[in-house]
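Reading through the structure tokens given below for one structure.
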Amino acid sequence: MCNLFNKPSVYFIMGTQNASGKDPLKVLEEALKGGITHFQLREKGTGALRGQNLVEFAEKCQELCTQYQIPFLINDDVDLALAVGADGIHIGQEDMDCGQVRALIGKEKMLGVSVHSLEEARIAIDAGADYLGMGPVYGTRSKADAKRPAGTVGIEEVIGQFPHIPVFGIGGITPQNAPAVWQAGASGVAVISALSGADDIALQIAHFKNSYKGVLI
Ligand code: 3NM
């Protein structure tokens with residue numbers, strides 16, 4: 001599983017609400033063409049797709065990710081992940097218990113967990129998490145209930161304690177402020193707005209990957 005998290009990973013997260021007025025499938029395809037390493041469908045908030053509309057949209061995302069051979073993960077919704085045969089699921093602390101999710105999805109699917117402390121990291125790893133998300137590193141407008149920006153100290157601590165688990169920084173990350181996230185030892189950056197809102201998504205992905213160069217780990 002670890003080779004799925006080569007540095008520098010650029011993990012794109014998007015729901016239809018994040019497409020900045022563009023066709024979300026076009027945004028996803030641009031990102032896939034541009035070289036994202038992971039994609040997570042995170043359909044949240046007012047106007048979010050539901051029911052059969054959501055299933056159909058998720059299937060289209062899954063098809064695109066399969067075409068570009070990029071793992072397709074779903075935020076929080078185990079039933080949807082199982083229904084569309086997603087490659088994995090990502091959960092937060094307020095979602096289902098991670099051990100329970102692992103039991104439901106089996107060993108093959110990827111499980112990502114958002115954590116905010118060493119203790120939460122330990123619990124997630126014990127329950128079978130394949131990677132962790134830590135944030136918000138910087139201020140974000142993409143998550144209504146985001147905690148206060150925590151910087152990169154927590155990422156460094158978790159990697160210091162659990163060097164084998166891939167950790168993604170999330171929250172307000174741009175190519176300009178990403179070097180601190182790489183410096184902290186993160187395997188990747190998880191990004192909504194700096195990619196979905198970019199005029200040239202492929203160029204922005206290249207900037208993210210270049211931001212890793214020259215960072216001594
Ligand atoms: N989770 P942007 S911050 C989905 O702190 C999400 O766990 C966060 O979006 C956390 O790249 C966040 O636009 C939003 O800031 C990230």
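Note that these values count all heavy atoms, side chains included, but never hydrogens, waters or copies made by symmetry. No experiment lies behind these values; they were computed from the predicted model shown.
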Practice problem: Check step by step if side chain to side chain contact (heavy atoms under 4.5 Å, CB included) holds for Gln67 and Glu29. | Solution: CA-CA 10 Å; Gln67 194 183 324; Glu29 184 152 26; 4.1 Å; yes

Quiz prompt | 4.5 Å side-chain heavy-atom contact, Val115 and Met134 | solution = yes

Self-check item: Pair Thr16-Glu43, side chain to side chain donor-acceptor pair (under 3.5 Å): steps then yes or no
Solution: CA-CA 7 Å; Thr16 54; Glu43 188 67 14; 2.5 Å; yes

Quiz item: Distance from Glu63 atom CD to Tyr68 atom OH, nearest 0.5 Å?
Solution: 12.5 Å

Self-check item: Donor-acceptor side-chain pairing of Ser114 and Gln93 below 3.5 angstrom
Solution: no

Quiz prompt | Heavy-atom closest pair, residues Pro179 and Ser211 | solution = CG-O, 3.9 Å

Exercise. Go through Ile201 and Phe12 one step at a time and tell me if the side chain to side chain contact (heavy atoms under 4.5 Å, CB included) criterion holds.
Key: CA-CA 11 Å; Ile201 294 175; Phe12 182 37; 5.9 Å; no

Practice problem: Kindly determine whether Asp76 and Met96 satisfy side chain to side chain contact (heavy atoms under 4.5 Å, CB included), including the steps that lead there. | Solution: CA-CA 8 Å; Asp76 186 18; Met96 266 172 95; 5.8 Å; no

Self-check item: Gln69 atom CD: more than 12 heavy-atom contacts under 6.0 Å
Solution: no

Quiz item: Which heavy-atom pair separates Lys109 from Ala86 by the least distance, and what is that distance?
Solution: NZ-O, 2.7 Å

Quiz item: Got a second to check how far Glu59's CD is from Leu54's CG, nearest 0.5 Å?
Solution: 10.0 Å

Quiz item: Does any N or O in the side chain of Asp87 come within less than 3.5 Å of the main-chain N or O of Phe72, such that one atom is a donor and the other an acceptor?
Solution: yes

Self-check item: For Val158 against Ser117, the heavy-atom pair lying closest together
Solution: CG2-O, 4.3 Å

Self-check item: Ring centres under 6.0 angstrom apart (Phe5, His38)
Solution: yes

Quiz item: Would you call Glu119-Arg122 a salt bridge at under 4.0 Å N-O?
Solution: yes

Self-check item: Shared hydrophobic cluster, Val153 / Leu132 (ILVMFWY, side-chain heavy atoms < 4.5 Å)
Solution: no

Exercise. First locate atom NZ of Lys213, then atom CH2 of Trp182, and finally report the distance between them rounded to the nearest 0.5 Å.
Key: 12.0 Å

Quiz item: So, the side chain of Gln62 versus the backbone of Val84: is there a donor-acceptor pair under 3.5 Å, distance only?
Solution: yes

Self-check item: Partner residues of Lys147 under the salt bridge (charged side-chain N to carboxylate O under 4.0 Å, His left out) criterion, sequence neighbours left out
Solution: none

Self-check item: side chain to side chain contact (heavy atoms under 4.5 Å, CB included) assessment of Lys143 paired with Asp145
Solution: CA-CA 6 Å; Lys143 183 171 161 77; Asp145 57 348; 3.3 Å; yes

Quiz item: Is there a path from Leu118 to Ile123 through hydrophobic residues (I, L, V, M, F, W, Y) whose side chains come within less than 4.5 Å of each other?
Solution: no

Exercise. Among Asp79, Leu80, Leu49, find the residue that satisfies the side-chain contact (heavy atoms from CB on, under 4.5 Å) test when tested with Val55.
Key: Leu80

Practice problem: Would you name the heavy atoms of Ala127 and Gly99 that are closest together and state the gap between them? | Solution: CB-N, 3.6 Å

Quiz item: To the nearest 0.5 Å, what is the distance between CG (Leu73) and CD (Gln40)?
Solution: 6.5 Å

Quiz item: Does some side-chain heavy atom of Asp130 sit less than 4.5 Å from a side-chain heavy atom of Arg102?
Solution: yes

Practice problem: Please indicate whether Lys44 has more than 12 foreign heavy atoms, meaning atoms of other residues, nucleotides or ligands, lying under 6.0 Å from its NZ. | Solution: yes

Self-check item: Single-linkage hydrophobic cluster, 4.5 Å side-chain cutoff, Leu104 and Val113 together
Solution: yes

Quiz item: If every non-hydrogen atom of Thr140 is compared with every non-hydrogen atom of Gly172, which pair is closest and at what distance?
Solution: CB-N, 3.9 Å

Self-check item: Met14 side chain reached by Leu41 side chain, heavy atoms, under 4.5 Å
Solution: no

Self-check item: Distance-minimising heavy-atom pair for Ile155 and Gly169
Solution: CD1-CA, 3.8 Å

Quiz: residues 187-197 side-chain donor-acceptor pairs under 3.5 angstrom, not counting sequence neighbours:
residue : atom : partner : partner atom : Å
Ser196  : OG   : Asn18   : O            : 3.0
Ser196  : OG   : Ile192  : O            : 3.2

Quiz item: How about His207 and Leu203: do any of their side-chain heavy atoms sit closer than 4.5 Å?
Solution: yes

Practice problem: Using a 4.5 Å cut-off on heavy atoms from C-beta on, say whether the side chain of Ile170 contacts that of Val137. | Solution: no

Quiz item: Atom OG of Ser9 and atom CZ of Phe208: how far apart are they, to the nearest 0.5 Å?
Solution: 13.0 Å

Self-check item: Gln52 and Glu56 side chains, donor-acceptor separation under 3.5 Å
Solution: yes

Quiz item: Gln204 side chain to Asp200 main-chain N or O, any donor-acceptor pair under 3.5 Å?
Solution: no

Self-check item: Residue pair Tyr131 / Tyr11, side-chain heavy-atom distance below 4.5 Å
Solution: yes

Quiz item: Do the side chains of Ile173 and Phe168 get nearer than 4.5 Å, heavy atoms only?
Solution: no

Quiz item: Just wondering, more than 12 heavy atoms not from Asp126 lying within 6.0 Å of its CG?
Solution: yes

Practice problem: Find out whether Leu32 and Cys65 are in side-chain contact, i.e. whether some heavy atom of one side chain is under 4.5 Å from a heavy atom of the other. | Solution: yes

Self-check item: Nearest-0.5 Å distance that lies between atom CD1 in Ile89 and atom CG in Asp77
Solution: 6.5 Å

Self-check item: Ser20 (side chain) donor-acceptor with Lys22 (main chain) under 3.5 angstrom
Solution: no

